[in-house]
Amino acid sequence: MYRVVVRRMIVPNIHELIVEAPLVATAAQPGNFVIVRPDETGERVPLTVADWDPEGGTVTSIFLQVGASTAKLARLKAGDEIPTYAGPLGKDAEIANFGTVLCVGGCYGIGSIYPVARALHEAGNTVYVLVEARSRYLLYWQEKLRQVCARMIEVTRDGSAGYKGHITRLPEILTLEKIKPDRIVVNGCTFLMMKASNVTRALGIRTIVNMNPIMIDGTGMCGVCRLTVAGKMKFACVDGPDFDGHEVDWEEFLKRRKTYNPEEVQPLRRSGCASHF
Amino acid sequence: MKPSRTRDARTIEIEIDHRAVECPEGVSVLRAAELNGIYIPSLCFHKDLTPFGGCRLCMVEIEGMRGYPLACSTAVQEGMKVLSETTALREIRKEILELILSEHPSSCLVCTEKDECRDNQYTIRKSGVSTGCRSCPNDGECELQSLVEKLGVTEIRYPIYYRGYEPEHDDPFFDRDYNTCILCGRCVRMCQEVRGASVLAFTYRGPKAQIGPAFGRNHVEAGCEFCGACVSVCPTGALADKASKWDGKPDGREVSTCPFCAIGCQIELHHKNGRLSKVHPHLDPEINDGQLCVRGRFCLPETTHHHERARKPVLKRGKYFREVGWPEALEDVAARLQDLKPDDFLMVVSPDLTNESLFAAQKFVRSVMKSNNIDSTARWALPGGLGLWTDLLSLPISIKEIGQADTVIAVGLDTRFYFSVVGVEIRRALRHGATLVTIDSRDSNLARYTDHWLRPYPGMEGRVLRVLAESLLAGAASGVPHQPGETGVDGATIERASKAVAKGGAVAIVVGPSAFALDSRLEIGEALLRLAGREQTTFLPLVHGANTRGALELGAFGECLPGVVPAEAGGITLEDVLQGRAEPKVLYLVGEAPFFERPPCQYVIAQDIYRPPFEVDALLPASSFAEAEGTLTNIEGRVQEIVRIENLRDGALTGCTRPDWLIFRMLAEKLSRTDLPFQSAAEILERIHQEVSGFPGRSDRRPRRLDARAEMRSHQSAVSPVENHGRRLILEPGGFRHRGIDLSSVVEGLQELGLEEGFRLHPDDLAELGLREGDQVVLRLDGFDVAGAVKGDEDCPPGAVVVHRPHAYGGIPQRRELGPLYRVSGNLVPIEVVAKERREGASAPLAAPKEPESGR
């Protein structure tokens with residue numbers, strides 16, 4: 001059993017979860033994820049590792065509350081225990097001195113891009129970070145990210161912070177900010193990563209995306225997390241989760257993520273407090 | 001502006017946007033526009049509520065008035081000239097909407113990618129708090145979304161302010177996220193003005209203003225009835241049904257009738273992917289006018305879709321049970337019914353069956369089985385006997401007229417969780433200045449609205465009603481003999497009430513099922529019938545069971561043929577089986593399970609939507625209300641339609657349920673009988689029309705008075721002398737049954753409320769007995785004991801122990817102990833209360849929800 005050290009909502013609907021998992025803390029690398037179960041009868045969900053403390057033995061991840069399992073996670077308190085915290089899983093993020101790298105984070109991706117930005121910064125890259133959200137009150141960890149980048153750019157849908165608009169304005173923003181990245185890394189929801197890949201294709205900038213399919217075992221056995229990259233089948237848990245955004249079959253990926261929509265809603269079709277969030 | 005009585009309004013003519021239109025005098029400009037199909041935007045207006053002027057969107061230009069008056073709070077005047085669409089108004093409205101949106105998570109509304117984002121997400125994100133349209137329960141059906149489209153808002157130029165409230169999930173039935181609330185006040189006004197529960201209010205002020213119960217109470221503590229009226233009028237996703245929160249925009253809506261009680265409210269069924277999603281009230285002017293109660297509003301989806309639904313036929317094979325197909329099941333049952341002697345068979349039908357199924361059932365028993373042994377637990381819902389009720393149903397019965405009455409007398413009725421719509425009508429009458437007199441040994445929500453609460457000893461309601469009836473007839477608080485010592489009501493109080501009702505005018509008398517259940521001398525019936533001839537008088541004798549009236553009219557009782565025609569006496573009844581006087585070889589239960597253990601019959605058939613809690617030999621899965629069409633007869637005699645919205649093909653998951661009447665036909669065919677040649681429900685209704693005089697051949701929403709027949713017998717139940725000392729057991733009829741189950745067993749929210757659980761005593765009585773909330777006790781009756789936990793209830797009359805008599809065990813474990821109560825006939829039984837064991841820990845607050853089980 002793994003003890004929860006902290007579980008708190010840092011911005012509306014996004015939670016920070018710090019768990020005591022010494023073995024994971026010593027082995028974690030940027031880009032890794034852990035498979036978590038909120039309780040004995042719960043579902044296995046993958047959460048990207050956002051930070052870790054090898055001496056303290058704790059691992060931090062950021063999650064968005066979107067369904068029954070994350071709802072259970074969102075109810076955890078310090079001192080609670082969870083039965084599963086398997087990891088670190090997935091291929092490490094590719095870290096080298098590429099020159100100039102733009103790290104884009106949206107939603108929970110703002111948290112998960114932090115270790116990648118940090119490692120790239122330590123490897124000598126000029127790192128720019130772009131965080132995007134619907135509105136200013138949904139942005140977080142700006143101070144942490146400023147420490148590991150040359151400049152931080154904010155984009156909000158309603159213009160309450162930074163640029164008004166969506167990631168589709170990226171080419172324009174690159175021009176305005178006078179940034180010429182050799183590589184772009186995007187972490188966030190599927191729509192964000194898809195859109196980002198679409199607009200960078202014409203610019204010819206290599207765009208790495210951190211895919212988020214449904215996962216069960218996380219070690220390459222079950223096949224639930226498969227996606228098509230450059231026409232070939234890959235498993236996000238062992239071949240990824242980072243892939244080239246220009247090679248991913250986005251349409252198929254979005255469809256596969258919706259496979260269990262009816263089943264996901266079914267446990268919530270109850271009128272009692274016990275089953276609800 | 002007070003809402004005017006419909007019968008008093010005059011029509012006047014005004015001009016809107018250079019168009020001459022007509023409207024009733026005294027309505028608001030906005031209502032006049034609404035009635036004439038002219039759109040004026042508004043977020044806080046509602047036709048049943050006093051105008052609030054909170055959103056300011058309905059500004060208009062009126063000739064002769066300065067500035068921009070609000071259409072919702074300006075009354076029409078003859079010849080008024082209104083402009084609802086000008087450049088200035090468009091600009092102002094956009095600005096106002098932007099201000100409203102600046103305190104709402106509205107980034108999605110002004111996002112350039114919103115269309116593509118919506119198309120890429122086939123599901124709403126089931127979030128804890130909503131931070132945008134995609135994670136909001138109202139996505140796709142939101143008044144803000146449509147207003148943004150209509151007014152063309154593309155950016156919000158004001159600073160965005162997210163208030164950061166904790167979402168509220170700790171009350172049953174609906175969730176609240178006040179971060180999306182725009183403070184329109186519709187919910188507050190609905191709860192205070194129309195429903196009268198006054199649970200919601202504006203708390204705090206200024207930028208901190210928030211909606212909620214006062215003093216930080218939760219909704220259960222604040223006395224919420226969970227009628228869902230607030231949820232239905234909320235323009236945003238701040239209030240959302242728990243059970244259908246994430247279903248998304250429905251594919252369609254159909255108007256149908258609620259199958260849970262005899263009021264027969266008209267409901268709007270929302271369906272998605274071929275299944276019932278949620279229920280909203282229908283704006284039906286005849287019965288419920290946009291209101292419902294907790295049952296109809298929130299309980300239908302879970303009742304229809306619970307995973308324990310009986311969907312496939314099951315046969316007992318030795319000590320095992322096997323799912324089989326219809327042919328094998330029918331074969332087995334038919335073999336048992338073949339050549340059965342008439343008295344070796346008894347069918348018990350539920351008062352929740354449709355008219356068509358009830359008629360087919362009695363036809364099956366009488367023509368095919370050649371027996372007269374048909375009975376129904378509807379008998380328990382008609383205390384005093386079929387004769388009395390035939391007489392009562394021949395009175396002018398009306399729900400609508402209550403709202404127009406000058407005097408309303410309510411006997412033994414609390415409308416919080418049962419017959420709520422009647423409570424709404426009574427409040428409507430009160431708003432027009434009517435006088436209300438309540439006669440109830442228990443405190444009720446209605447007593448709150450009147451100075452004339454007459455509180456007799458339990459069982460004496462009829463006596464007091466008779467006094468008032470005489471005053472009504474005499475037109476004066478005449479000297480009607482009255483013994484305060486006998487009734488428990490002092491002379492001065494009853495004199496005052498008599499004077500109040502003697503003023504006369506239009507009178508409406510409403511009597512709840514609890515009052516009838518206690519009325520062993522049938523005095524209530526007598527009083528009502530005494531007023532039968534009085535002009536401008538309507539009655540509403542209430543019963544449990546959605547189609548109890550249908551059961552009576554269509555001959556679901558052995559001694560009563562369709563058309564309320566007496567049959568020859570004889571034959572066995574359910575009571576005979578319960579009391580051990582009869583043991584038919586075959587017992588056929590249709591939507592009924594009035595046993596805790598398997599009854600001592602050789603072969604038991606259960607035909608229902610859920611398995612009964614005891615072993616049966618054959619389980620025949622019936623269609624639930626959403627899966628088969630039919631009609632129900634409400635208490636006023638209206639024959640109202642139930643609409644089929646689920647048409648799932650037979651399959652491994654969906655099973656193969658069939659409408660009750662169809663199962664009877666299939667059985668008849670297996671027995672080589674052609675007495676039930678019906679191809680559709682409509683055909684059966686046509687046949688009923690031919691055989692039962694006065695019954696319509698199609699759904700007919702007009703109220704009908706039953707043809708009074710003096711030939712049906714009434715009977716008084718065992719008369720217990722009523723003393724005002726000694727502890728008495730009051731058996732309240734349970735109101736949450738639907739067919740063979742208690743709704744609390746499948747609807748989680750009801751289970752958490754626990755409204756009908758426990759032995760209820762007044763807190764003073766508990767103290768006197770040295771008991772605390774939750775202690776286990778034994779009730780010692782004459783001949784047997786019943787065990788259970790006590791609950792404090794301030795509404796209880798002193799000296800009484802109130803227990804809800806369950807019609808069905810319904811899978812609720814603690815009810816098992818109440819089995820012996822089935823054998824109690826008569827009411828107000830003297831008992832002794834013996835403490836069994838103390839409950840550990842501090843006493844819980846009254847009516848608190850049960851602790852949720854973990855990991856469910």
Side-chain angles (χ1 to χ4, degrees), chain A residues 9 11-15 38-42 64-68 70-75 107 133-138 156-161 164-169 189-192 194-195 250-251 254-255 257-258 260-262 264-277, chain B residues 105-114 116-117 120-132 135 155-156 159-162 164 167 169-175 179 241-248 273 298-299 301-302 305 307 747-752 849 851-856:
Chain A
M9 188 162 83
V11 288
N13 221 35
I14 296 182
H15 300 254
D39 59 38
E40 288 293 341
T41 54
L64 182 66
Q65 185 182 339
V66 287
T70 42
K72 288 182 190 171
L73 287 176
R75 278 191 185 141
C107 266
R134 286 199 200 88
S135 192
R136 194 186 49 194
Y137 59 86
L138 292 165
T156 50
R157 244 36 104 244
D158 57 10
S160 49
K164 176 180 191 293
H166 203 274
I167 200 65
T168 44
R169 285 189 72 187
C189 75
T190 317
F191 192 65
L192 170 76
M194 177 178 79
K195 281 287 184 177
W250 291 103
E251 211 181 294
L254 283 164
K255 282 211 185 91
R257 269 181 61 92
K258 290 174 205 139
Y260 297 113
N261 278 355
E264 285 174 18
V265 174
Q266 193 51 39
L268 305 170
R269 286 210 180 96
R270 282 157 36 187
S271 57
C273 318
S275 52
H276 256 271
F277 50 81
Chain B
S106 44
S107 350
C108 290
L109 291 166
V110 297
C111 173
T112 48
E113 304 297 316
K114 70 180 172 193
E116 212 188 314
C117 170
N120 266 298
Q121 287 220 305
Y122 296 162
T123 183
I124 296 173
R125 301 204 135 207
K126 304 170 283 296
S127 61
V129 280
S130 161
T131 47
S135 57
E155 61 175 324
I156 300 162
I160 308 287
Y161 175 42
Y162 182 81
H169 304 302
D170 290 331
D171 281 306
F173 297 114
F174 62 94
D175 285 335
N179 294 299
D241 292 31
K242 279 190 207 257
S244 56
K245 196 169 172 184
W246 305 117
D247 283 357
N273 296 331
F298 290 118
C299 300
E302 280 160 288
H305 296 140
H307 62 87
V747 178
E748 212 172 73
L750 278 184
Q751 205 169 81
E752 288 178 5
E851 281 299 296
E853 292 172 323
S854 59
R856 186 171 159 159

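Proteins get letters first, then strands, A, B, ... in listed order; numbering begins at 1 in each. Just so it is clear, the values below take in all heavy atoms, side chains as well, and ignore hydrogens, waters and symmetry mates. Worth saying up front: this structure is predicted, and the values here are computed from it rather than measured.
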Distance in Å, B/T131 OG1 paired with A/Q65 CD, rounded so as to fall on 0.5 Å steps: 11.0 Å
Let me know if B/S244 has heavy atoms under 4.5 Å from chain A in its side chain, its backbone, both or neither. neither
Where on B/P159 is there a heavy atom nearer than 4.5 Å to chain A: the side chain, the backbone, both, or neither? neither
Only pairs of heavy atoms separated by less than 4.5 Å count here; which of B/S107, B/G164, B/P105, B/C111 has the most with chain A? B/S107
Please give me the minimum heavy-atom distance between B/P172 and A/C273, naming the atom from each residue. N-SG, 3.4 Å
Separation of A/T156 OG1 from B/I160 CD1 (nearest 0.5 Å): 8.5 Å
Please determine whether side chain to side chain contact (heavy atoms under 4.5 Å, CB included) holds for the pair B/C108 and A/R134, giving the CA-CA distance in whole Å, both sets of side-chain angles, and the decisive distance to 0.1 Å. CA-CA 7 Å; B/C108 290; A/R134 286 199 200 88; 3.2 Å; yes
Atom CZ of B/R125 and atom CG of A/N13: how far apart are they, to the nearest 0.5 Å? 9.5 Å
Run the numbers on A/F191 and B/E116 for side chain to side chain contact (heavy atoms under 4.5 Å, CB included), then give the verdict. CA-CA 9 Å; A/F191 192 65; B/E116 212 188 314; 4.1 Å; yes
Roughly how far apart are B/E113 CD and A/H166 NE2, rounded to 0.5 Å? 5.5 Å
Heavy atoms, side chains only, cut-off 4.5 Å: are A/S135 and B/Y162 in contact? no
As an exercise, state the distance from OG of A/S271 to NZ of B/K242, rounded to the nearest 0.5 Å. 8.5 Å
Derivation and outcome, side chain to side chain contact (heavy atoms under 4.5 Å, CB included), residues B/D247 and A/R269: CA-CA 9 Å; B/D247 283 357; A/R269 286 210 180 96; 3.0 Å; yes
Can you check side chain to side chain contact (heavy atoms under 4.5 Å, CB included) on A/R169 and B/T112, steps first, answer last? CA-CA 10 Å; A/R169 285 189 72 187; B/T112 48; over 6 Å; no
Flag the pair A/K164 and B/E155 as a salt bridge only when some basic side-chain nitrogen lies within less than 4.0 angstrom of an acidic carboxylate oxygen. no
Region of A/Q266 in contact with chain B, defined by heavy-atom distances below 4.5 Å: side chain
Side chain from CB out, backbone as N, CA, C, O: work out which of these in B/C299 comes under 4.5 Å of a heavy atom of chain A, or both, or neither. neither
